[in-house]
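Treat the numbers as computed from the prediction; the structure is a model and nothing was measured.
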Amino acid sequence: MAALLARLCRGAPGLRAARLPLAAAAAAPPLRRPSAPPGPPRPLSFSAAELVRAAPGPLRPYLRLMRLHQPAGTWLLYLPCTWSIGLAAEPGCLPDWHMLSLFGVGAVLMRGAGCTINDMWDRDYDKKVETPPGLQRPREVVRTASRPLAAGDISTFQSFVFLGGQLSLALCVLLCLNYYSSCNAALYLVIFGLPNNKPLGTFYSIVLGAASLSLVITYPLMKRITYWPQLVLGLTFNWGALLGWSAIKGSCEWSVCLPLYLAGVMWTLVYDTIYAHQDKRDDIIIGVKSTALQFKEDTKQWLSGFSLAMLLSLCVAGMNCNQTFPYYSAVAAIGAHLAHQIYTLDIDKPEDCWKKFASNRTVGVLLFIGIVLGNLLKRKDSKNVEEPLENR
């Protein structure tokens, strides 16, 4: 029997052949599925958030500390400067683009410095809030816990050094404003003769600009003291409405600058009250104050009052500098925009509050366009008046 089995095994080539493919299959590497074709390349984006994300790793926390990835606040700081520069332009002329550029750089630096100061004051608040009744452990403030100081990406000392750098660069910009306006005034004196009521004001812009620093430093503390921190923010954010005119003219024309400044403050009360409604639940737990908590369900009535005061102030500023039809058309468009914004606002939806807040850049741009077009039309009006006199 054993001999028969041995002969059968030797004489069964099919059995050996069947074993070979099985062994080869076991030794062969596993089959891989064909990789999916690469998707389309991501479109090139120049948004502020993408630029910050693409920055080198060590630099990224500092850019986020300046809020460069959230440029809405920089626009809201910059736009009142453009209004003032536009209103100060000579009739029939475009605004001074050199001055607009300098103020743009200054807005980025000062907004970055303000955010740095704010985060240094609030670094403990940004990490977590106190444990409210009924909760077993502290709850992170989602929007602020990832800020560089709160997250530990940079130290307090590094923030101090960075703040000093920003303020030093902002001072350089301020000195450039004063130098440029002084050179313009001197040139005007040599070529045309300087009127007696137009002072050169060598240090006027420097003193006026430096005066805003106290507001920048103290604003973050106001939410611990008063329910009106948005008012202090308005006084701070709209300082450019005064500084822009003085940089062009050498001093402020208060009949124009004060109504323009008041309009900006009212505008800030509108958009920052809307912004504060995003954080009202966290603010209650932390114990900080805001106009959103002060106004509560009456928010829309207050916002309507602030909007009306803004529009009236803009009209006064326009009348005092002889603005024309395009300017008042822009003011009317702003009124319609604010009315729609307030009417459709849902103060209990953070997403809607953010959307309405961000749309306020449109308000500032509309007014700037109206100022520029209204100023260009002044030239035509003056020509229409002068031509009949010349023909005589």
Side-chain angles (χ1 to χ4, degrees), residues 71-72 74-107 177 180-181 184 188 237-250 252-268 270-271 307-341 358-388:
T74 304
W75 276 105
L76 296 174
L77 176 63
Y78 175 59
L79 285 166
C81 308
T82 67
W83 304 344
S84 188
I85 294 170
L87 288 174
E90 293 297 324
C93 298
L94 291 170
D96 190 324
W97 291 104
H98 181 272
M99 198 65 74
L100 288 171
S101 301
L102 285 175
F103 269 85
V105 175
L177 295 180
Y180 185 69
S181 60
N184 278 351
Y188 189 87
F237 252 50
N238 294 281
W239 202 259
L242 307 176
L243 189 58
W245 185 286
S246 73
I248 297 293
K249 298 289 191 181
C252 285
E253 177 61 52
W254 296 110
S255 63
V256 177
C257 293
L258 279 182
L260 187 67
Y261 184 55
L262 178 61
V265 172
M266 295 296 106
W267 181 43
T268 303
V270 171
Y271 67 67
S307 299
L308 181 60
M310 176 190 178
L311 298 174
L312 291 175
S313 298
L314 289 176
C315 290
V316 172
M319 288 187 291
N320 288 340
C321 63
N322 302 315
Q323 270 295 337
T324 55
F325 175 74
Y327 174 85
Y328 296 104
S329 299
V331 172
I334 288 169
H337 181 96
L338 290 173
H340 177 266
Q341 185 181 134
S359 73
N360 277 276
R361 181 174 64 176
T362 303
V363 172
V365 172
L366 277 175
L367 183 58
F368 178 65
I369 292 173
I371 290 171
V372 172
L373 296 179
N375 206 50
L376 291 175
L377 195 60
K378 285 183 186 179
R379 182 77 173 204
K380 296 181 180 179
D381 289 346
S382 62
K383 282 184 177 180
N384 292 337
V385 173
E386 292 171 2
E387 281 178 0

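Contact check for Val270 versus Met266: no side-chain heavy atoms found under the 4.5 Å cut-off. Residues Tyr271 and Arg361 have side chains not in contact (no heavy-atom distance under 4.5 Å, counting atoms from C-beta outward). Taking 4.5 Å as the limit, every side-chain heavy atom of Asn375 sits out of range of all side-chain heavy atoms of Leu87. Residues Thr82 and Pro95 fail the side-chain proximity criterion, which asks for heavy atoms closer than 4.5 Å. Side-chain contact between Leu308 and Leu312 is present, with heavy atoms from C-beta onward closer than 4.5 Å.
To the nearest 0.5 Å, the span separating CG on Asn360 from CG on Leu76 amounts to 6.5 Å. Atom CD of Gln341 is separated from atom CG of Leu338 by 5.5 Å, given to the nearest 0.5 angstrom. One finds the CG atom of Leu373 at 12.5 Å from the NZ atom of Lys378 (value rounded to the nearest 0.5 Å). Atom CG of Leu77 sits about 13.0 Å away from atom CH2 of Trp239, to the nearest 0.5 Å. Here the straight-line distance linking atom CH2 of Trp83 with atom CG of Leu260 works out to 6.5 Å at 0.5 Å rounding. Note that CG of Leu262 is 13.0 Å distant from SG of Cys257, once rounded to the nearest 0.5 Å.
Here the shortest heavy-atom pairing between Met310 and Trp267 reads SD-CB, 3.6 Å. In this structure, Gly374 and Pro326 approach most closely via the heavy-atom pair N-CB, 3.7 Å. Here the shortest heavy-atom pairing between Ala247 and Phe103 reads CB-CE1, 4.0 Å. Across Leu376 and Gly92, no two heavy atoms sit closer than the pair CD2-O, 3.5 Å. Heavy atoms only, all atoms of each residue included: Tyr327 and Cys315 are closest at OH-N, 4.5 Å. For the residue pair Leu242 and Cys252, the shortest heavy atom distance occurs at O-SG, 3.4 Å.
Here the side chain of Ser246 pairs a donor or acceptor atom with the backbone of Leu243 at under 3.5 angstrom. Remark: side-chain polar atoms of Tyr78 are not paired, donor with acceptor, to backbone N or O of Gly240 under 3.5 angstrom. Side chain of Ser84 to main chain of Trp245: a donor-acceptor pair is present (N/O by atom type, distance under 3.5 Å, no hydrogens or angles). Side chain of Asn238 to main chain of Ala241: no donor-acceptor pair is present (N/O by atom type, distance under 3.5 Å, no hydrogens or angles). Between the side chain of Asp96 and the backbone N or O of Ala89 there is no donor-acceptor pair closer than 3.5 Å. Remark: side-chain polar atoms of Trp75 are not paired, donor with acceptor, to backbone N or O of Ala358 under 3.5 angstrom.
Relative ring orientation between Trp97 and Phe368 is described as perpendicular, the plane-to-plane angle rising above 60° on a 0-90° scale split at 30° and 60°.
When only modelled atom types and interatomic distance are considered, Asn320 and Glu253 share no side-chain donor-acceptor pair under 3.5 Å.
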